[in-house]
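Just below is one structure, and these are the notes that go with it.
Only this structure's heavy atoms are used, side chains among them; waters, hydrogens and symmetry mates stay out. Chain naming here is simple, since letters A, B, ... match the order of the sequence lines and numbering starts at 1 in each.
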Amino acid sequence: MSDNLTHHELSARYDPTGIEAPIYERWLGRRAFHVPAETAQNPYVIAIPPPNVTAALHMGHGLNNTIQDVLIRYMRMRGRDAMWIPGTDHAGIATQNVVERELAGEGLSRHDLERDRFVQRVWEWVDQYGSTIIEQLKTMGCSCDWDRTRFTLDDGLSRAVREVFVRLYEKGLIYRGNYIINWCPRCRTALSNEEAEHREVVGRLYHIRYPLADEDGQYVVVATTRPETMLGDTAVAVHPDDKRTRHLVGRAVALPLVGRRIAIIGDEYVDPEFGSGFVKVTPAHDPNDFEIGVRHDLRRVNVMNGDATINEEAPEAYRGLDRFVARDRVVEDLDKLGLLVTVEDHVHSIGHCYRCNTIVEPRLSLQWFVSMRPLAEPALAAYREGRLRFHPERFGGTYEHWMTNVRDWCISRQLWWGHRIPVWYCRDCEEITVSREDPAACGVCGGELDQDPDVLDTWFSSWLWPFSTLGWPEETADLATFYPTHTLSTAPEILFFWVARMVMAGLEFAGDLPFTDVLLHGTVRDAQGRRMSKSLGNGIDPLEVVNLFGADAMRFTLVSAAALGTDLQLDHQDLESSFRVGRNFANKIWNAVRFALANVTEADGSTDPMTTDLELADRWILSRFARTSETVSGAFDRFRLHEAADAAYQFVWGEFCDWYLELVKTRLKGERGEGSRKAAAATLASVLDGWLRLLHPIMPFISEELYCHQPGRTEEDTIIAGPWPAPPERWTDPEAEAGLDALQEIVGAVRNLRSDYGIDPSRRIDVVVARPPAAVADALAAETEGLLRLGRLESVRLAEAAPSGEPGAHAVLRSGAELFLPLAGVVDVDRERSRVSAELERVEGLLSGSRRKLEDPRFTDQAPEEVVEREREKRRSLEERHALLVQKRTAFGSQ
RNA sequence: GGGGCGGUAGCUCAGCUGGCUAGAGCGCUGCGUUCACAUCGCAGAAGUCGGGGGUUCGAGUCCCUCCCGCCCCACCA
């Protein structure tokens, strides 16, 4: 709270500047986010998806971390020991790339520095820039337990990585082998299947003649999208049953340009329906060909270097050429030899490096892998047994599909930044040492050891995050108390990279699921629906938004725009229009409270409204609050944050401000007596306090600020710790709701007629309500004063019937009552006649539909009783209105 | 080649297990210096819920099919 600020000093406009930061400091000062393991009875835990240390905060982070903070704050107020673990990821390739780029600016490569100095340099970079995103989260209001901040390269987490590697190795689930992997020639490292992003590109399909060896003039035709790989061909395959081609099995072709004699083999892999029926086989550059090679014991000729230039395995003419230059050269040379048959455009999907977008080269390489099948089984079972849930549910299917078809995970990376692979090779014997501790010498022969130069995939530390952050493999109090965590909120694109693997790791190493509920939020897009990205320059900086409108405005806007399972659009060129909803709402809240606080005393806030002489409006708002409270809680419980935001918004703006405050204004001034004032003030104070709490998870700053301004509260009081509103059952009051509903309808009808007839807003007029049902009459009697004020009326009169023969405006209400505004000289008979006719027509339509339903015994027999009853009620109301309207029209007709 | 998502007012989207006289915000039109708020108030116009078929007493909601966007997965050269 701003120092000693009283309600008199609240400005007419909400300005979050100068309010948010001190509140955050106050929370920190009270250690409001910290939960000691020793005292946690009923924990609720979220582990943050650790942002890359290289990352700057973008709207995706804005959304995801808002969601997590909303859940954490909600649970904290509900009395849970809500603990949110923050931290960052070392992001192997991404971070190494950033620093290498920086070096390039100095004309250096990492090799100029050598390994140790390069890694040192990355650490310096991380120390300097690494924590900015964490600082930025604070600006957004994130209530993380900062004492528990972790980094994936921390000592503790590194220990966890080694432990896991060794355990998997000992279990036989980690192996090393020569396989075709995805290779990024720019990053010069292997990638996992997930790290190769497949995108459709228009390429070419080249049809090439391979002359039969020992058979002048005869040839076979193969097709390929990567002609340069022919330099590494070691066979041509046909389907063994293909009548056209099977007779050639056992013969050989002379590989053009290379001159190698290679066999024609029969293999089931070949699709006889496709193309010529002949397939070139390059075991070192294609996963299928690799498999064929295994079956037929073919040579594997790797024709490329790590940078995808052609190596010495190929004829001299091509050596040193980049793969795409070589491709053109090969095609050109084949053409000159008359061996190029056709070239056609061909759309196909090829892998791109997820970090630098370079086209990935499938390449034979010696790498480390994790066998995933055994790990996937329990992870799949957990989902199928309902212990692991996805929101929205459909992602469960995606998860299941991936798990079912999971392939082994290539975990070695030819990088320097990351967790070094804990494997040592003996210089003197064949022994491989895999160890938790760095070994001094070969355990078998005592020879010198060399550690494997590679590091692990960055996700190999991320998949341990929910428990490595809590101290695993040590049996810490944190681990015992806070594991398993509860909710994981993240973007769907890392479902496989991270979420699925965390489930496997949690079950395998920590003995339990890492979380029970996975919340996948949508993508933040720009006004044209494009994904926000640095390269498009269409991103929005959350800090800029916070500066302009405040964190609460941003958070509210994001939450209310992100319905479960949907993307959200924001206009980066018009921040005001994008975030106006939240900004205006914050201002509305500010002013509502400002007004309320000017009208309640300390005593009012501590009075239980139920002990006062409640009037209709009081009973109504208490009832509405009770319902809203339930809706909001239910929505949070089901991860439907947007619904919670929506319900709170509608209640605060549409009910509390638009109706309740308007209705109690004069009462608060004591114009209707002290008892009436007291009831209004106590109700107001109570409901206000309640909805500030409802809003706190989404709008933590303004709710905290205003909460402290309430009478009787001091800076010692905070809203953050709760409690969450739990309105008593007896606040719910259907009768009051019906009464106010009737009042609202009447006010609405009066306003409508006034507006229609262009009656000067300052002119007070009379109204006649004819034949109101008792409940409506009671409501009118209870709130006559409110009705007069809101309808800008001079008087309201109840009557048996609307005056006939008198010029005026008419409306028929849902209750069957009739509204009449005597407006001699204003109301135009023709106009009134057509109004009534139009209304009659509408009612007739509805009525006939309703009758048709009720006359059908199948409806009355089969539909639930309450539905039928509601329909009868509707018909009754429509019939009355219909009769009245007919009467009106007749009256007009006779004039 | 599989799988999924979306198509509801001019725009962005809600509408969950079928009961809706289909909603919100923005925009638009008209009115407004009512003492919390013009970052406001009041009123209004605006929808064949993508097309067609089906199930049902009843369909925006379920099924089939077609059209149009988008996404994910996949080793057809």
(message) Looking at A:Arg13 and B:rU39, is any side-chain donor or acceptor paired with a base atom of the opposite kind under 3.5 Å?
(response)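 Pair found.
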
Considering only [options], which nucleotide approaches the side chain of [X] most closely?
X: A:Arg858; options: B:rC42, B:rC75, B:rC57; value: B:rC57
X: A:Val270; options: B:rC57, B:rC40, B:rA77; value: B:rA77
X: A:Lys588; options: B:rC73, B:rG41, B:rA43; value: B:rG41
X: A:His401; options: B:rC73, B:rC31, B:rG19; value: B:rC73
X: A:Asn587; options: B:rC37, B:rC75, B:rA14; value: B:rC37
X: A:Arg640; options: B:rG15, B:rC40, B:rA43; value: B:rG15
X: A:Tyr269; options: B:rG19, B:rC76, B:rC40; value: B:rC76
X: A:Arg580; options: B:rU21, B:rC31, B:rC26; value: B:rC26

Indicate, with a heavy-atom threshold strictly under 4.0 Å, whether [X] touches base, sugar-phosphate, or nothing.
X: A:Arg881; answer: base
X: A:Arg638; answer: base
X: A:Val867; answer: base
X: A:Asp271; answer: base
X: A:Arg751; answer: sugar-phosphate
X: A:Pro864; answer: base
X: A:Glu869; answer: nothing
X: A:Arg792; answer: base
X: A:Lys665; answer: base
X: A:Gln650; answer: sugar-phosphate
X: A:Ser349; answer: base
X: A:Gln569; answer: sugar-phosphate

(message) Quick check on B:rU21: is either OP1 or OP2 less than 4.0 Å from any side-chain nitrogen or oxygen of A:Lys874?
(response)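 Result: yes.
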
(message) Is the phosphate of B:rA74 approached by A:Arg407 (side-chain N or O, under 4.0 Å from OP1 or OP2)?
(response)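 Answer yes for this pair, as a side-chain N or O of A:Arg407 is under 4.0 Å from OP1 or OP2.
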
Measure the distance from [atom1] on [X] to [atom2] on [N] and round it to the nearest whole Å.
X: A:Phe395; N: B:rC73; atom1: CZ; atom2: P; result: 12 Å
X: A:His348; N: B:rA74; atom1: NE2; atom2: P; result: 16 Å
X: A:Arg851; N: B:rG58; atom1: CZ; atom2: P; result: 20 Å

On the ring face of [Y], is [X] found with NZ or CZ under 6.0 Å from the centre and within 45° of the axis?
X: A:Lys588; Y: A:Tyr14; answer: no
X: A:Arg501; Y: A:Trp409; answer: yes
X: A:Arg831; Y: A:Tyr757; answer: yes

(message) Return whichever of A:Phe656 or A:Arg394 has its heavy-atom-nearest nucleotide of RNA chain B closer to the 5' end.
(response)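 Its nearest nucleotide lies further toward 5', so the answer is A:Arg394.
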
(message) Let me spell it out: for each of A:Ser560 and A:Glu871, pick the nucleotide of RNA chain B with the closest heavy atom. Which residue's pick is nearer the 5' end?
(response)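 This one resolves to A:Ser560.
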
Tell which nucleotide pairs with [N], taking only Watson-Crick or G-U wobble pairs whose two distances are both under 3.5 angstrom.
N: B:rC20; answer: none
N: B:rG69; answer: B:rC5
N: B:rA43; answer: B:rU29

Check for me whether the distance between the ring centres of [X] and [Y] falls short of 6.0 Å.
X: A:Tyr354; Y: A:Phe497; result: yes
X: A:Tyr399; Y: A:Phe496; result: no
X: A:Phe556; Y: A:Phe579; result: no

(message) I'd like to know if A:Arg852 and A:Glu855 make a salt bridge, using a cut-off of under 4.0 Å between side-chain N and carboxylate O.
(response)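 Salt bridge absent between A:Arg852 and A:Glu855.
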
